[in-house]
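Below: the structure, in structure tokens.
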Amino acid sequence: MASSSARQPLATVVRAALAAYDSGRWADFAALVDPTELAEFREEHLDNEEGWEQGFARMDARHGVIPADVDDFFLEMWNEARRTAGSLTSRQFAHVNNIESLRKLSPAEFLARYLEVRNPPEDPDHPPGAPAQIAVAVHRELIGEVPEDDELVHVVYRVYYDIRSVGSVEAVHVLAVRKGPDGWRIMLNEDLSPVLACAVRET
């Protein structure tokens, strides 16, 4: 039986996704992202996390292989990075303490936990989805739709920002929306992409 979301109009799904993003309801937002997009996001970031963990293991394995003074220097530097960062996985994903737990997350849970860490609800100066120290996205509203075919539509929407040093400004974004077995689902774009948002926030 088709889910109720499969019968929802495209605009209803997009509005629900943007509202969930604006209010920091990450599980609700992730549930409306295209499954292929979710799977690709999970695969890419899981590879990154596993690579970091393997780097720790390789550094440990080198101990005693290279000259002792060089070995001790790099090992101490590596251990200091561990002590300072703690569990890298726990810093990248909410409520996840190790790589084994991360592997068990579904693609939707994976994205939701990633977004939650980057948008802490307790920070009043950093609302959900807003690049810190740059701009606060106050509101997102739909403008129109441009169909590409029966299963792919490009939705144009406007974002209202409050830039601390300037005031209120607006920006227009395009969001690809794909129709699948579960109905319309959104693709991540430059506005909603946690990777790009994090890069902007850290500059």
Side-chain angles (χ1 to χ4, degrees), residues 5 8-45 48 88 91-95 107-149 151-180 183-203:
S5 61
Q8 290 180 347
L10 178 147
T12 300
V13 172
V14 174
R15 286 193 180 96
L18 295 181
Y21 194 93
D22 285 344
S23 60
R25 293 180 285 109
W26 304 120
D28 292 342
F29 172 76
L32 296 173
V33 175
D34 179 77
T36 300
E37 190 91 331
L38 289 172
E40 291 177 354
F41 181 85
R42 181 184 184 278
E43 180 180 5
E44 177 184 352
H45 287 271
N48 291 341
L88 181 67
R91 294 166 63 89
Q92 297 291 324
F93 297 88
H95 318 299
E109 291 172 328
F110 196 97
L111 175 60
R113 302 291 182 87
Y114 186 92
L115 285 168
E116 183 177 346
V117 161
R118 282 151 184 77
N119 298 276
E122 66 275 9
D123 186 350
D125 294 325
H126 182 201
Q133 307 304 322
I134 298 178
V136 174
V138 178
H139 178 63
R140 291 174 172 85
E141 67 177 18
L142 271 60
I143 298 174
E145 304 172 5
V146 182
E148 185 164 323
D149 54 43
E151 297 183 348
L152 180 63
V153 175
H154 302 280
V155 174
V156 183
Y157 65 99
R158 180 176 286 109
V159 186
Y160 297 91
Y161 292 101
D162 180 16
I163 299 181
R164 293 176 176 85
S165 60
V166 176
S168 298
V169 296
E170 302 175 8
V172 174
H173 295 278
V174 178
L175 180 67
V177 188
R178 180 181 295 164
K179 191 174 186 180
W184 293 104
R185 292 292 182 268
I186 70 168
M187 311 290 286
L188 297 174
N189 65 358
E190 73 280 3
D191 175 42
L192 305 176
S193 168
V195 177
L196 293 180
C198 186
V200 170
R201 192 174 305 138
E202 293 176 353
T203 57

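Residues: numbered from 1 along the sequence shown.
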Point-to-point distance, once rounded to the nearest 0.5 Å, from NZ of Lys179 to CG of Leu10: 9.5 Å

Side-chain heavy atoms of Asn189 within contact of Val174, under 4.5 Å: no

Closest heavy-atom pair and its distance - Glu145, Ala11: OE2-CB, 4.0 Å

Which residues share a side chain to side chain contact (heavy atoms under 4.5 Å, CB included) with Glu43, sequence neighbours left out: Asp47

Least distance between heavy atoms, Ser23 atom then Ala19 atom: OG-O, 2.9 Å

Residue list, side chain to side chain donor-acceptor pair (under 3.5 Å) with Arg158, at least two apart or on another chain: Glu170

Results of ring-ring contact (aromatic ring centres under 6.0 Å, His included) for His173 - residues two or more places apart only: Tyr157

Name of the residue among Asp191, Leu32, Leu192 meeting side chain to side chain contact (heavy atoms under 4.5 Å, CB included) with Tyr21: Leu192

Backbone of Val159 reached by a side-chain donor or acceptor of Arg140 within 3.5 Å: no

Ala30 versus Leu38, closest heavy-atom pair with distance: O-CD1, 3.6 Å

Any residue meeting side chain to side chain contact (heavy atoms under 4.5 Å, CB included) with Ala176, in chain and number order, not counting sequence neighbours: Leu152, His154, Met187

Under 3.5 Å: donor-acceptor pair, side chain of Asp22, backbone of His139: no

Parallel, tilted or perpendicular, as decided by the 30° and 60° cut-offs, for the rings of Phe110 and His45: tilted

Heavy-atom closest pair, residues Ala17 and Phe29: O-CD1, 3.3 Å

Heavy-atom closest pair, residues Val177 and Trp184: O-CZ3, 3.6 Å

Any residue meeting side chain to side chain contact (heavy atoms under 4.5 Å, CB included) with Ala31, in chain and number order, not counting sequence neighbours: none

Qualifying salt bridge (charged side-chain N to carboxylate O under 4.0 Å, His left out) pairs, either residue in residues 29-38, two or more places apart: Asp34-Arg178

